[in-house]
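Order of the sequence lines sets the chain letters (A, B, ...), proteins ahead of strands, with each chain counted from 1.
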There are 2 protein chains.
Amino acid sequence: MPNDDDTQPPLTREALGLAALRVLERDGLAGLSMRKVAAEVGVKAASLYWHVRNKEELLDLLNDAIMTGAEAPPRVGDWRSQFREYCHRHRRHLLDRRDAAKVVAGRLAPGPNLLRLQEDQLGRLREAGFTDADAAMVTYLLGTYVQGFVLQEQSPISASEAMGATRREAVDAAADRLRALPPEEFPHLTALAGDLTGPDLDARFAFGVERILDGLAALLPAERR
Amino acid sequence: MPNDDDTQPPLTREALGLAALRVLERDGLAGLSMRKVAAEVGVKAASLYWHVRNKEELLDLLNDAIMTGAEAPPRVGDWRSQFREYCHRHRRHLLDRRDAAKVVAGRLAPGPNLLRLQEDQLGRLREAGFTDADAAMVTYLLGTYVQGFVLQEQSPISASEAMGATRREAVDAAADRLRALPPEEFPHLTALAGDLTGPDLDARFAFGVERILDGLAALLPAERR
DNA sequence: ACCTGAACACCGTTCAAGT
DNA sequence: ACCTGAACACCGTTCAAGT
């Protein structure tokens with residue numbers, strides 16, 4: 001007998017991914033267990049193995065569920081501002097979902113939601129004048145950068161500081177630790193402690209995006225940059 | 001009474017990190033448990049909690065242990081070739097250690113081994129003519145890219161394909177899946193299936209490095225590029 | 001100062017059995 | 001075709017107790 005409060009929809013793989021997403025949002029990746037996802041869909045843990053080979057495969061479904069609702073930026077302005085906006089949106093999207101980068105980062109296998117975006121990106125790159133080979137490489141490069149960046153951003157700055165201190169305190173502590181290094185052995189780290197810990201993550205992300213976009217522009221014939 | 005086959009060294013936190021590294025190499029991150037690391041140093045699991053607050057803190061020690069032996073490239077050639085070499089060495093170093101990127105990726109807190117390298121990088125960047133603020137950002141950008149890239153590289157291409165198929169087969173299967181998409185909905189993905197799955201990871205990594213270096217060069221006054 | 005045994009509350013996964 | 005209970009072999013962590 002199924003559970004009693006309402007009639008469950010037929011439990012597709014997609015529904016499983018969305019259930020996993022709700023558990024992720026509530027309990028984080030460390031708290032995401034087969035038992036909890038099963039409970040979320042009103043079933044026992046063992047039943048999940050009918051729909052999914054193992055937990056890794058469930059994480060594949062979660063990977064795609066995370067990307068639902070990600071939207072391409074409007075097609076206004078030159079390719080540069082469009083792809084700047086693409087990167088910032090992608091970062092925002094991951095950042096807004098708990099532990100999203102940890103789930104997504106090691107998972108190349110793109111689900112339907114990511115494929116849609118990749119298709120759109122390729123179209124814009126080709127229009128902008130990139131060769132097919134370059135366009136393919138560019139989508140990979142941008143994806144890698146955004147995922148890698150958010151992965152660090154969503155992780156506690158140091159495991160031991162995860163418990164208790166705020167981000168600001170942790171960063172300040174990091175700066176102090178840098179300044180406390182022996183200056184004769186670490187002249188640059190001590191001198192640049194402020195530069196290293198000062199800029200917030202928005203600024204750091206934007207810096208990387210602009211450098212990469214500059215680098216991509218160099219691939220185009222001068223008149224299309 | 002300690003174990004009997006040899007007298008253990010006094011079990012420092014550094015020794016703990018190295019023991020964790022040996023377990024990681026042998027059993028992978030999924031197989032790295034407190035019990036196994038304890039056994040590796042000839043002690044029971046509960047004893048580890050004398051030296052370490054929890055598993056996360058042990059992973060911090062492992063994080064630094066992974067970076068032992070990483071070497072800076074020789075100071076020959078211009079800044080560009082030096083940092084190209086830096087990126088390629090960093091990638092190689094992580095790639096050579098099982099699951100290294102998964103451990104390192106979310107862990108900003110740099111251990112002594114990473115600090116040494118960062119100090120060296122900052123020196124070279126300042127000499128090359130980067131401002132202090134830019135130099136600080138550049139080390140972060142390069143680190144993020146390399147870690148993010150290797151993270152994907154060390155992950156099975158798709159969880160469900162991890163078991164069984166070789167990398168080559170998995171990539172070919174991915175290409176076939178792209179080509180099988182409806183071309184009216186996905187004209188670019190189907191047309192560029194070969195470009196997307198063709199280039200090997202060496203080429204992809206090098207592509208990203210060169211784009212980023214191009215972007216960094218634009219920060220310098222023209223005569224120093 | 002450091003280690004232990006025992007216990008607690010969990011895990012992922014398998015499998016025979018049910019409907 | 002789909003779900004279950006029970007079991008197996010693990011986990012991380014705590015804590016009183018030992019030396």
From C-beta outward on [X], which listed nucleotide comes closest to its side chain: [options]?
X     : options               : result
B:A46 : C:dT13, D:dC11, C:dG5 : C:dG5
A:K44 : C:dT13, D:dT13, D:dG5 : D:dG5
A:K36 : D:dC3, C:dC11, C:dC3  : C:dC11
B:V43 : D:dT13, C:dT13, C:dT4 : C:dT4
B:W50 : C:dT13, D:dT13, C:dA1 : C:dA1

Ionic contact status for [Y] with [X], cut-off 4.0 Å:
X      : Y      : result
A:E40  : A:R35  : no
B:D200 : B:R204 : no
A:R124 : A:D120 : yes

Check the distance between [N]'s [atom2] and [X]'s [atom1] and give it to me in whole angstrom.
X     : N      : atom1 : atom2 : answer
A:R35 : D:dC8  : CZ    : C1'   : 11 Å
B:N54 : D:dT14 : CG    : C1'   : 13 Å
B:L58 : D:dG12 : CG    : P     : 10 Å
B:L59 : D:dT13 : CG    : C1'   : 15 Å
B:E57 : D:dG12 : CD    : C1'   : 15 Å
B:L48 : C:dC2  : CG    : C1'   : 12 Å

* Within the 6.0 Å centroid threshold, strictly below: B:Y145 and B:F205 ->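 They qualify: ring centres under 6.0 Å apart.
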* To do: Remember a base hit wins even if backbone is also touched, and classify A:L32 as base, sugar-phosphate or nothing at under 4.0 Å, heavy atoms.
  =>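 The answer is sugar-phosphate, as A:L32 gets under 4.0 Å only of primed atoms, P, OP1 or OP2.
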* Under 4.0 Å between a side-chain N or O of A:S47 and OP1 or OP2 of D:dC2? ->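 The answer is no; no side-chain N or O of A:S47 sits under 4.0 Å from OP1 or OP2.
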* For D:dC3, does either OP1 or OP2 sit under 4.0 Å from a side-chain N or O belonging to A:H51? ->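 Checking D:dC3 against A:H51, a side-chain N or O does come within under 4.0 Å of OP1 or OP2.
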